[in-house]
Amino acid sequence: MVRFMVFLGLMWVLPIWMSTVTPQLCTSLGSLKDSLNASLRKRYLKYNFPVNYTIQVHYEEVFRLKNISKLRNDSADLRDLQELWFEVTETGIKKILDVLPEKHPTRRKYLAILYNHFLLIKQTLPVQNSDERVIPEVIQDIWQRLGDTNYQGWRPVTPKSLLDNCYRTMHCLFKDCFLSNSTHSNYCEPQHWRKGKETQG
Ligand SMILES: *[C@@H]1O[C@H](CO)[C@@H](O)[C@H](O)[C@H]1NC(C)=O
Ligand SMILES: *[C@@H]1O[C@H](CO)[C@@H](O)[C@H](O)[C@H]1NC(C)=O
Ligand SMILES: *[C@@H]1O[C@H](CO)[C@@H](O)[C@H](O)[C@H]1NC(C)=O
Ligand SMILES: *[C@@H]1O[C@H](CO)[C@@H](O)[C@H](O)[C@H]1NC(C)=O
Ligand SMILES: *[C@@H]1O[C@H](CO)[C@@H](O)[C@H](O)[C@H]1NC(C)=O
C-alpha cells in the first residue's frame with residue numbers, strides 16, 4: 001500500500017515526455033554544450049571560487065557516468081535516466097546559485113544565464129499526455145529521496161565537479177545529439193573523458 005502511494009505521488013511530480021530526442025532538443029542541448037565547454041567551466045566554476053570550495057548536496061544529486069552504467073544494469077531505461085538528468089542538473093545549478101552573492105561574476109556573467117537557458121529547454125521538452133510506463137523501483141527510490149526535505153545524506157562537492165558531471169552525462173544520455181566521426185565517441189565511458197581529451201567532447 002505504501003509503495004502504491006509513493007508511486008501515485010511520483011506520477012504527479014515526474015515530467016512526462018517522449019523518449020525520442022527531437023532535432024529541436026538536440027539544437028538546444030548543442031548550445032548548452034557550448035556554454036558548458038571546458039574553458040568556461042574552469043573559469044566560472046573553479047577560478048572564481050576559493051580553492052577547494054565545496055557545497056553540500058544530497059547523494060542522489062551526484063550523478064555520474066558510473067551511476068548511469070549501474071542504473072542501466074538495474075534495468076532503468078534511457079528515458080528514466082534522461083528525466084533524472086534534467087532534475088539533478090536543475091537542482092545542481094540552483095544550489096550553486098544559492099551560494100553566490102548577487103554581484104558575483106559567475107552568477108551575473110554565466111550561471112544565471114545558463115540556468116534560464118536550461119529552464120527554457122526543459123519547457124520545450126516534447127510532452128506526452130498519458131503514459132503507462134512502469135518506473136523501476138530503483139529509480140522511484142531516487143526520486144523519492146530527491147524530493148524528501150528531511151533526508152540527511154549530504155556530500156561535499158565542488159561546483160565545477162557538478163557541472164563536469166552534468167556535461168559528461170549529457171553526452172552519454174543524449175548521445176544521438178552529439179555523434180561525431182571521432183573514433184573515441186563513446187561518451188558513456190569514463191575513459192573518454194580522461195585528462196586532455198575533454199575538448200574532443
Ligand atoms: C568555449 O566557449 C568560449 C565562448 O564561446 C570560447 O571563447 C572558447 O574558445 C571555448 N573553449 C573551448 C575549449 O572550446
Ligand atoms: C585542495 O585540495 C587538494 C587535493 O585534495 C590538496 O592537495 C590541497 O592542499 C588543497 N588546497 C588547499 C588550499 O586547501
Ligand atoms: C551515484 O553514485 C553515488 C555513489 O557513488 C551515490 O551516492 C549516488 O546516490 C548515486 N546517484 C544516483 C542519482 O543514483
Ligand atoms: C554494468 O554491467 C556491465 C556489463 O555486465 C559491466 O561491465 C559494468 O561494470 C556494470 N556497471 C556497474 C556500475 O556495475
Ligand atoms: C566526418 O568526417 C568527414 C571526412 O573525414 C568530414 O568531412 C566531416 O566534416 C566529419 N563530420 C563530423 C561531424 O565531424
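Heads up: numbering here begins at 1 and tracks the sequence. The analysis underlying the following values was restricted to heavy atoms, covering all of them including side chains, and did not include hydrogens, waters or symmetry mates. Atoms within each ligand, like the ligands themselves, are counted from 1 in listed order. Quick caveat: nothing in here was measured; it's all calculated off a predicted structure.
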What does the N/O contact table under 3.5 Å look like for ligand 3?
residue, atom, partner, partner atom, Å
ligand 3, 2 (O), N67, OD1, 3.4
ligand 3, 2 (O), N67, ND2, 2.3
ligand 3, 9 (O), Y59, O, 3.2
ligand 3, 11 (N), V62, O, 2.9
ligand 3, 11 (N), N67, ND2, 2.8
ligand 3, 14 (O), N67, ND2, 3.4

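Contact check for L114 versus L163: side-chain heavy atoms found under the 4.5 Å cut-off. Within the 4.5 Å cutoff, the side chain of L84 has heavy atoms near those of the W143 side chain.
Cation-pi geometry between R41 and Y167 is satisfied (NZ or CZ under 6.0 Å from the ring centre, within 45° of the ring normal).
Checked against a 6.0 Å centroid threshold, the rings of F86 and F118 count as neighbours.
Under the 4.5 Å side-chain contact rule for hydrophobic residues, I113 and L32 do not share a cluster. One hydrophobic cluster, built from ILVMFWY side chains closer than 4.5 Å, cannot hold both L111 and L120; they sit in different ones.
Looking at ligand 1, you won't find any N or O of D34 less than 3.5 Å from one of its N or O atoms.
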